[in-house]
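The chains referred to below are lettered A, B, ... by the order of the sequence lines, with proteins before strands, and numbering in each begins at 1. Nothing here was measured: the structure is a model prediction, and the numbers come from that model.
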2 protein chains.
Amino acid sequence: MSTISVAVSVPSPAEDCEQLRKAFQGWGTNEGLIISILAHRSAAQRRQIRDAYAQAHSEDLLKALDKELTRDFEKAVLLWILDPPERDAVLANEALKKWSPGNRALIEIAVTRTADEMFAVRRAYQGRFKRSLEEDVAAHTNGDFRKLLVPLVSSYRYEGPEVNASLAKSEAKILHEKINEKAYGHEEIIRILTTRSKAQLFATFNDYNNGFGHPINKDLKSDPKDDFLFALRAIMRCIICPERYLEKVIRLAINKMGTDECALTRVITTRAEVNMKHIKEIYYKRNSVRLDHALKKDTTGDYEDFLVALIGQDA
Amino acid sequence: MSTISVAVSVPSPAEDCEQLRKAFQGWGTNEGLIISILAHRSAAQRRQIRDAYAQAHSEDLLKALDKELTRDFEKAVLLWILDPPERDAVLANEALKKWSPGNRALIEIAVTRTADEMFAVRRAYQGRFKRSLEEDVAAHTNGDFRKLLVPLVSSYRYEGPEVNASLAKSEAKILHEKINEKAYGHEEIIRILTTRSKAQLFATFNDYNNGFGHPINKDLKSDPKDDFLFALRAIMRCIICPERYLEKVIRLAINKMGTDECALTRVITTRAEVNMKHIKEIYYKRNSVRLDHALKKDTTGDYEDFLVALIGQDA
């Protein structure tokens, strides 16, 4: 569920544009006014504001905001303004441009989105970058990561509830064998994780747990510092419970020496209108601190105000 | 361009259904009447007939045709009746169920369709088979073929005209190196062929030809009986000129000892409304025989009449 609060009756897009224009004018920018508008409009309403602004002022609202805002606050607002598939495409592209084996943004996007959402991301990626997402993934990564990430971003998983029980059993066995052999980059592991439906993988992971006495994730912890093992675990966690996974991304971003604003902004701007309420609940259970309180302690100024507006101030 | 002839004014779908119903009734089936209707309706019109038939007779037209027709004629009509993405999904599934390294139907479908058409096929595949296409490809193939075919059916190629000339040059060099080393299943060959846009690949193949003095296809003929080399050449030929490739599929299907009805039916039912006119022209140039004459010589009965109706009797 969404955590942004949108009034039942909001001003027209033209009125919002006028207010934004006012916020940009004179000495200094009125960031509070910008937040009071943009953080309280749905994706469809923000799209209308962007269209109305372009028509009224012959300038992309993104450009105007880019001139007025700075640093983490700017980055968060610019991401927030984008349509969801375009936003994910931008995040995926950023992840690829500075790609390192420790980067998990691509996995987060590819696995927590639905099949149709992910296809919309691929389409938006082409529109914006004039190349295909899988082409850039293949060109920027290598080795086992390439073998894993290209099919991961290219898959269009079946989302029906059907589960093949004997297949789950046989593939749990394959996964166990390959993990036992420490053949973590084996094509069978990659095939199973990147092509099977999430319902099917649930059954496979359950069979693994029942048959071999411990969760598959535990068996992938032989070397906690191995980035590829971490990537495999991240995929599994995103499949098993995306909210729990994203809570951990936020928790680590906050607990880090020096907040990881990049991860914080990514998860909050992309999930605020999707399942942030659930993520917040898990955060509270796990940390005994409300997420808005944690954010207030860890961030400052307009960036703080904006993130808190997006996640809401309720428990 | 399409080769089927559709009258400017056709009977209503309900009238067509009544005529089809008549063709099914009494002693024996009136195949001529069936052909005179179905071979002369566009995909959209056939869809309307199918819907009207289901409504009027509480039976899927496919089921009714299945009861009335037999053998190659039946198979061709049943494929023809399907919506194009569903038809390709059925053909891909058939290819996978009896998959062998010599099977080229999957490559033909994955490479000659546009990116959006191929995505519609993947969606139709899930609707019909309750699994993803790439999942079935991964499960039914192995070795180098799996490494090649999974990304081939999963890719959503960029279709813009932009070409990166220096990239074309460097990737032509990579292809040449790997082919020289006989490392045909190398991940770089597969990455380039399955992720780059067709416009980019054109430039790469041209650079290959200019830089190394012979077409890339020629360099992949070291072992004419190697199915994997054949598959790579088929992909390249489908990219360079799909009509020329499909002409060859038809030519070989006809020239074979015992016609290959499977290939003949596949190419004609899937391409009649797309680019069959062009394929026919190439066929005539290459064989000095009109395709409809060749078909009449090589096939018989209702099957012959149906195929000839689909490709038209003009030169």
Side-chain angles (χ1 to χ4, degrees), chain A residues 110 115-116 118-164 167 170-171 174 185 187-201, chain B residues 110 115-116 118-164 167 170-171 174 185 187-201:
Chain A
D116 280 324
M118 190 57 201
F119 182 68
V121 174
R122 295 170 75 186
R123 204 190 273 271
Y125 195 97
Q126 292 198 5
R128 194 162 170 131
F129 302 108
K130 307 294 171 203
R131 293 185 302 276
S132 75
L133 172 58
E134 61 269 30
E135 182 176 6
D136 277 0
V137 172
H140 285 86
T141 61
N142 49 40
D144 283 346
F145 272 98
R146 177 149 95 183
K147 282 186 213 152
L148 177 69
L149 294 175
V150 172
L152 195 73
V153 303
S154 309
S155 75
Y156 179 65
R157 287 185 206 263
Y158 178 62
E159 292 184 332
E162 295 85 353
V163 165
N164 181 331
L167 188 68
S170 69
E171 295 195 336
I174 294 173
E187 58 174 316
E188 283 289 270
I189 292 185
I190 290 172
R191 173 183 68 78
I192 294 167
L193 288 185
T194 60
T195 69
R196 292 302 184 198
S197 77
K198 291 180 184 176
Q200 182 68 35
L201 286 171
Chain B
D116 280 323
M118 190 56 200
F119 182 67
V121 174
R122 294 169 76 186
R123 204 190 275 271
Y125 195 97
Q126 292 198 5
R128 194 164 169 128
F129 302 108
K130 307 296 172 201
R131 292 184 303 274
S132 75
L133 172 58
E134 61 268 31
E135 182 176 5
D136 276 359
V137 172
H140 285 87
T141 61
N142 50 38
D144 283 346
F145 272 99
R146 178 149 94 183
K147 284 186 210 152
L148 177 69
L149 294 175
V150 172
L152 196 73
V153 303
S154 308
S155 75
Y156 179 66
R157 286 185 206 263
Y158 178 62
E159 292 184 334
E162 295 86 350
V163 165
N164 180 331
L167 188 69
S170 68
E171 294 195 337
I174 294 173
E187 57 174 318
E188 282 290 89
I189 293 185
I190 290 172
R191 172 184 68 80
I192 293 168
L193 288 184
T194 59
T195 69
R196 292 303 184 196
S197 77
K198 291 181 184 175
Q200 181 68 33
L201 285 171

*Straight-line distance of A:Arg123 CZ to B:Asp116 CG, nearest 0.5 Å*: 4.5 Å

*Roughly how far, to the nearest 0.5 Å, is the OH atom of B:Tyr158 from the NZ atom of A:Lys130?*
4.5 Å

_Interface residue of largest heavy-atom contact number with chain B, from A:Ser155, A:Ala115, A:Gly160, under 4.5 Å_ = A:Ser155

*Compare all side-chain heavy atoms of B:Phe119 with those of A:Arg122 and state whether any distance is below 4.5 angstrom.*
no

*With respect to chain A, which residue among B:Gln200, B:Glu159, B:Glu162, B:Arg196 yields the maximal number of heavy-atom pairs within a distance under 4.5 Å?*
B:Arg196

*Part of residues 138-154 of chain B lying next to chain A, heavy-atom separation under 4.5 Å*: B:Ala138, B:Ala139, B:Arg146, B:Ser154

*Where does A:Gln126 contact chain B at under 4.5 Å (heavy atoms): side chain, backbone, both or neither?*
both

*Who passes ring-ring contact (aromatic ring centres under 6.0 Å, His included) against B:Phe129, sequence neighbours left out?*
B:Tyr125

*Measuring heavy-atom distances to chain A, does B:Asn164 have an atom under 4.5 Å in its side chain, in its backbone, in both, or in neither?*
neither

_Backbone N/O of B:Arg157 and side chain of A:Glu135: donor-acceptor pair under 3.5 Å_ = no

